[in-house]
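Note: hydrogens, waters and symmetry copies are ignored here, and every other heavy atom, side chains too, is used. In what follows, chains are A, B, ... by sequence order, proteins preceding strands, each numbered from 1. In this text the structure is predicted, and so the values were computed from the model without any measurement.
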Amino acid sequence: MIKNLVIVESPAKARTIEKFLGKDYTVMSSMGHVVDLSKKDLSVDIENGFEPKYEISPDKKKVVTNLKKSARDAEWIWLATDEDREGEAISWHLVNALKIKEDKTKRIVFHEITKTAIDEAIKNPRQIDKNLVNAQQARRVLDRLVGYELSPLLWRKVKPGLSAGRVQSVAVRLIVEREEEIRNFKKTSSYRITAQLILKEGKGQKIVNAELPKRFKTKEEALEFLKSCQGAKFKVDKVEKKPAQKSPAPPFTTSTLQQEASRKLGFSVANTMRIAQNLYESGKITYMRTDSVNISKMAMAQASQEIKSLYGDEYVRTRQFRTRSKGAQEAHEAIRPTFMNKRQVEGNVQEKRLYELIWKRTLASQMAEAKIEKTNVDISISTSKEKLVAKGEIIKFDGFLKVYLEGRDDDEQEEKAGVLPPLKKGDELDLKEMLATERFTKHPPRYSEASLVKKMEELGIGRPSTYAPTISTIQKREYVVKEDRNGEFREYDYISLQGDKISEQKKKEMSGVEKGKLFPTDLGTLVNKFLMQFFNNIMKYNFTAKVEKEFDEIAAGDKKWNKMIGEFYSPFHDKIQETAEKTKKFSGERLLGKDPESGKNVFAKIGRYGPMVQIGDTESEEKPKFAGMRKGQSIETITLEEALKLFDFPRSIGEYEGKELTVNIGRFGPYVRHDNQFFSLKKEDDPAGIGQERAIELIEEKRKKASENTIREFDKDKKVKVLKGRYGPYIKIGRKNFKIPKDQDPEKLSLEDCYKIAEDPKNTPRKRYRKKK
DNA sequence: CAGTGAGCGAGCTTCCGCTTGACTT
């Protein structure tokens, strides 16, 4: 017999709370939502006030059965789900799914898992807030309507299996538009003047680095300036000292954890969440899906204690941070170590590193500001009215910097102001070298997974529990790809003035290197174009913020949820119908020009198998010619010349062993074909230039490898082979592979042995899990 | 694993937010 049944959302939370509550309380978890709209169909009754048709989620049947059993004979049921819209709905769903009377339930909430917070919560039960539940219904129904009406439209107009939604489509838009900005970006260059000056100090000398605040637009101007400095005298004109302060960053939320783990540890967003989940489940950190920067009084006291014992009293400065992110619901604490005095944890390397990051961030957040002294020194030039400026920075008191400094996104690290030698007005300086270096403006940066999350949070789009899944969805749909791109060398001018001598050089630097950045695909660009054209309001960056405001009104009881949905739905649905009827297939066709040979139009567009180019109109009598695009080419950027080149294949390049050699470009890239066999070209091979000699090389190379990997062959049955593979030896019969049992020696297998092994179903490969798109 | 770009048309695909395992390769 259970006296009190407490239901929370997470099992790890249940374990902790049970310890605080004593033996009169049994704590169980719902594992999140237990009730939802059916996945199979719309499950919203449009005619009847958008009444949702709920069902117990298939994967929660067991959970519900167990909860029901315990709830039946419990005296009181305490609904302790999170204090936000979704949590309130979960409580309401539980009441219905467990078929319990509402007067047997008490709704309680807490934002932190500490004994005091829980005791306090138990003392202040309330009833379920139906308005808040309705706000959640509105959110759920809106997302369903948008997702389940837009996606099928895309299947018809663009390609089957695609998807669209309030969150994912805007995420794709951000990436597509950033790429457009980058494409339209015109880089310009300017000339930056820097100088190394020498301060004589008794016997020794000190270097002072200075820079001209202004830049020159042209090389001529820069050169002119350097010339004007030939033989000039340099003198300290003004020394200005200013104190400054630096404050620590707030404790981690999901989004900031993802960003820092990406910047400092190179973790992907999904990886960070997986590791954090492990740390949470083993009780090392607090909950990892949160938008709150608050930490409990207890944690604050522990942090303060820890700082004191490690660094001393003057390093302690506890503070509570205020959230600045849009739509934060703050049902949890910030992400912090459960025990601040635990500086390291057991676990694998990644867990250790992530924990250390969380520990440092939390500790630093309760430490004193760093005190800095900034120095600006103006240096006059006897031959010019321009002045050089030297900047210095001294840390007077390191404070939180002793432990942790937040990383930055911009890859060009700001030139760090170092320590300046002591300078005073009137000091004379000798010029060691003055440089004019050509610098280029940079296009806005492409998004990484983590910086996309940051942007989404700023816009109030998505929630801590969905950032990682959304990013994987838009990649799974092939709207965007995460890629590295090689940079290119570019030349820049480097002009030096040393003594009285001016010398000019061209130097080379790498530019445009991208690592782990998100690029839109042609499909993503196309879907975005479609949605922007016909469903502009949903694609607006403030659409979510706008509906959130209405959800708040519903939660406050000022608006009926189905009225709000009705106002949205009717124009939306009209547009869906209109688009379905009036538009043709959306292929993103772009006219590149005319084919000089035939005079026909050349297009780039998306076909059934991806981006392609086409010579001739689709409507014309004569069938157009088609060719697939190469990797790295895109509808938006391909030129007429590049497109025409794609029609030069297949190309005959001679023969070998009496059989013809041809080069072609297939689904998996360029290849050489010989005697009905395929040989992929290497990265460095150019399909347009490759000749017979190189083709033979490729063939021989592949043959050699194959023979090295062959353990046994049989003259009687050429289809049967024993081969060495990535996972060890295996048998190949025709196109099928078979495992070799551990007790058999692959070197000694006879043909009969092979047949026997192949017959045993134990050795047949498992049905390959087909990649879902 | 490799050429296609549409034509028959069954049956399938899809949203966001809350939460964990149970599973391969």
Between the protein and nucleotides 15-19 of chain B, are there any N/O to N/O pairs under 3.5 Å, and if so, what are the atom names and distances?
residue : atom : partner  : partner atom : Å
B:dC15  : OP1  : A:Ser163 : OG           : 3.2
B:dC15  : OP1  : A:Gln168 : NE2          : 2.7
B:dC15  : OP1  : A:Arg477 : NH2          : 3.3
B:dC15  : O2   : A:Arg140 : NH1          : 3.1
B:dC15  : O2   : A:Arg144 : NE           : 3.3
B:dC15  : N3   : A:Arg140 : NH2          : 3.1
B:dC15  : N3   : A:Arg144 : NE           : 3.2
B:dC15  : N3   : A:Arg144 : NH2          : 3.1
B:dC15  : N4   : A:Arg144 : NH2          : 3.1
B:dC16  : OP1  : A:Val167 : N            : 3.0
B:dC16  : OP1  : A:Gln168 : N            : 2.9
B:dC16  : OP2  : A:Gln168 : NE2          : 3.3
B:dC16  : O4'  : A:Asp143 : OD2          : 3.2
B:dC16  : O3'  : A:Arg166 : NH2          : 3.0
B:dC16  : O2   : A:Arg139 : NH1          : 2.8
B:dG17  : OP1  : A:Arg166 : NH2          : 2.8
B:dG17  : OP2  : A:Thr466 : OG1          : 3.0
B:dG17  : O4'  : A:Arg139 : NH2          : 3.3
B:dC18  : OP2  : A:Ser465 : OG           : 2.9
B:dC18  : O5'  : A:Ser465 : OG           : 3.4
B:dC18  : O3'  : A:Glu9   : OE1          : 3.3
B:dC18  : O2   : A:His33  : N            : 2.6
B:dT19  : OP1  : A:Tyr287 : OH           : 2.4
B:dT19  : OP2  : A:Tyr287 : OH           : 2.7
B:dT19  : OP2  : A:Arg289 : NE           : 3.0
B:dT19  : O5'  : A:Tyr287 : OH           : 3.0
B:dT19  : O4'  : A:Gly32  : N            : 3.3

- Query: According to a 3.5 Å limit on both distances, what stems of 3 or more consecutive Watson-Crick or G-U pairs are formed with DNA chain B?
  - Reply: none

- Task: Verify whether one side chain among A:Lys284 and A:Ser282 offers a donor that lies under 3.5 Å from an acceptor in the other.
- Result: yes

- Message: Applying the salt bridge (charged side-chain N to carboxylate O under 4.0 Å, His left out) criterion to A:Glu548, which one of A:Arg85, A:Arg166, A:Arg463 satisfies it?
- Response: A:Arg85

Would you tabulate the nitrogen or oxygen pairs shorter than 3.5 Å linking the protein to nucleotides 5-9 of chain B?
residue : atom : partner  : partner atom : Å
B:dG5   : OP2  : A:Lys623 : NZ           : 3.3
B:dG5   : O6   : A:Gly628 : N            : 3.3
B:dG5   : N2   : A:Tyr609 : N            : 3.0
B:dG5   : N2   : A:Gly610 : N            : 3.4
B:dG5   : N2   : A:Gly610 : O            : 3.3
B:dA6   : N7   : A:Arg608 : NE           : 3.0
B:dA6   : N7   : A:Arg608 : NH2          : 2.2
B:dA6   : N6   : A:Arg608 : NH2          : 2.2
B:dA6   : N6   : A:Tyr609 : OH           : 3.3

- To the nearest 0.5 Å, atom CG of A:Leu646 lies from atom NZ of A:Lys625 at 12.0 Å

- Message: Let me confirm one number: the CG-CD distance from A:Leu279 to A:Glu351, rounded to the nearest 0.5 Å.
- Response: 5.5 Å

- Query: Hey, does A:Glu9 have a side-chain heavy atom less than 4.5 Å from the side chain of A:His33?
  - Reply: no

- Message: For A:Leu592 versus A:Ala643, what's the shortest heavy-atom pair and its separation?
- Response: CD1-CB, 3.6 Å

- Query: Does a side-chain heavy-atom distance below 4.5 Å link A:Met456 with A:Leu459?
  - Reply: no

- Message: Regarding A:Ile665, tell me which of base, sugar-phosphate or nothing describes its non-hydrogen contacts under 4.0 Å with the strands shown.
- Response: nothing

- May I ask you to decide whether A:Lys53 forms a salt bridge with A:Asp45, counting only side-chain N to carboxylate O separations under 4.0 Å? no

- Message: Using the C1' atom as the point on both nucleotides, what is the distance between B:dT13 and B:dG9, in whole Å?
- Response: 16 Å

- Query: For A:Pro624 and A:Thr618, which heavy atoms make the closest approach, and how far apart are they?
  - Reply: CG-CA, 4.1 Å

